[in-house]
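Below is one structure, written out as structure tokens; the observations come after it.
Whatever order the structure lists them in is the order used to number ligands and atoms, beginning at 1.
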Amino acid sequence: MPDTPEHASGYLLGHAALEQRRLLIQASYVRPWTARLLRRAGLTEGMSVLDVGSGLGDVAFIAAEIVGPGGRVVGVERDPAAVEAARGRAASGGYTDLVTFANADLSEFDPAGSGPTRQPFDALVGRFVLQYLPDPAAALRRLAGFLRPGGIVVMHDMDVSNTDASVPRCPLWDDCFALLSALFRAHRITPDFGRHLTRVFLDAGLPWPDVDSGAMAGGKAGSTVFTWLGSAVQAVEPLLGEAGIALPDGLVVDDGLVATLERAVRESHSMVLGNIHYGAWTRLQSVGLP
Ligand SMILES: C[S@@+](CC[C@H](N)C(=O)[O-])C[C@H]1O[C@@H](n2cnc3c(N)ncnc32)[C@H](O)[C@@H]1O
């Protein structure tokens, strides 16, 4: 994938308050799916885990619950505001003995640099991060190099490319949903990246992964899908303008958007989809990377 302004300058969505709120909303709905994925991939008590692109720490905290007091988790995150927020959450959640966060870019992070991270890790995990990297396969290969032979790699990514996200069709839902993939495309980020995980694992030189997928769906009053899409459109609105992507006619993007979406979907009696997420996991050969 070519270098782009996003790849050169940082995470597309930044870490302003609205994006942090969006990440927390997303994390709460996807939490059970991620927890199940990590367990299926083989994470278990006592393991050491490297969580890449740790954001506000949600995946690191799930991993910490799985590995328990005998394990350890290191999150790596480039954005200092996110690291600070994650450290605060670790302190208030009682995770400080188990989880630490390093403020570093993944292209430069080297666990040999800091004390408790010196040993090879048992598992590498990452959620919604590979797609933002300029060369996901090269990054994955480098990061897998921090694992012991036989270590586990598990990545969780998404697909927001669906052009038919409501049945019966709810134009407002489909149009708002389409803004996300338009923005990704404008920044040359693959909107259906989750579906590329097998190829990315193989390009990284890893063994063929197992995969699974799940979709967020809803429509009933109070469904999480409304908060998810409303908060996402609010968080990306300034970027849409910069990229020259027009909002649907008459759409007001503010805290009322969640209710507007809910009303439109209920009027059209639709079942709507949010993002589809994909997990891929594999184990390194016991002699290390091929
Ligand atoms: C969509 S967020 C996901 C956060 C977290 N994994 C989760 O699922 O809640 C992606 C995160 O990856 C971080 N990130 C992106 N590129 C990175 C890089 N090159 N080095 C370190 N962190 C990076 C971003 O700053 C952002 O916090």
How are the rings of His156 and His277 set relative to one another: parallel (under 30°), tilted (30 to 60°) or perpendicular (over 60°)?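 Parallel, since the angle between the ring planes stays under 30°.
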Indicate whether the side chain of [X] and that of [Y] have a donor and an acceptor atom separated by less than 3.5 Å.
| X | Y | answer |
| --- | --- | --- |
| Arg127 | Thr34 | yes |
| Asp192 | Tyr278 | no |
| Gln234 | Asp255 | yes |

In this structure, which one of Thr224, Asn275, Thr227 forms a side-chain hydrogen bond (donor to acceptor under 3.5 Å, both in side chains) with Tyr29?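 When Thr224, Asn275, Thr227 are each tested with Tyr29, the side-chain hydrogen bond (donor to acceptor under 3.5 Å, both in side chains) holds only for Asn275.
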Please round to the nearest 0.5 Å and tell me the distance separating atom CG of Leu38 and atom CH2 of Trp281.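 Between atom CG of Leu38 and atom CH2 of Trp281 there are 10.5 Å.
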Report yes if some N/O of [X] lies less than 3.5 Å from some N/O of ligand 1; otherwise report no.
| X | result |
| --- | --- |
| Asp58 | no |
| Arg78 | yes |
| Gly53 | yes |

Would you kindly specify which portion of Leu23 sits under 4.0 Å from ligand 1, judged on non-hydrogen atoms: side chain, backbone, both or neither?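 Under 4.0 Å from ligand 1, Leu23 contributes side-chain atoms alone.
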Side chain or backbone of Leu56 under 4.0 Å from ligand 1, or both, or neither, by non-hydrogen atoms?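 No part of Leu56 is near ligand 1 at this cut-off.
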Need the ligand 1 atom indices (1-based, order shown) with element for anything under 4.0 Å from a heavy-atom of [X].
| X | value |
| --- | --- |
| Leu106 | 18 (C), 19 (N), 20 (N), 21 (C) |
| Arg127 | 3 (C), 5 (C), 6 (N), 7 (C), 8 (O), 9 (O) |
| Phe128 | 1 (C), 2 (S), 3 (C), 8 (O), 10 (C) |

Please confirm whether Arg31 makes a cation-pi placement over Phe61, using NZ or CZ under 6.0 Å from the six-membered ring centre and within 45° of the ring normal.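 Verdict for Phe61: no cation-pi partner in Arg31.
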Give a yes/no verdict on whether any heavy atom in Ala104 is under 4.0 Å from an atom of ligand 1.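 Yes.
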Which residue from Glu77, Met158, Arg31 reaches closest to atom 25 (O) of ligand 1 through any of its heavy atoms?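 Among Glu77, Met158, Arg31, the closest heavy atom to atom 25 (O) of ligand 1 belongs to Glu77.
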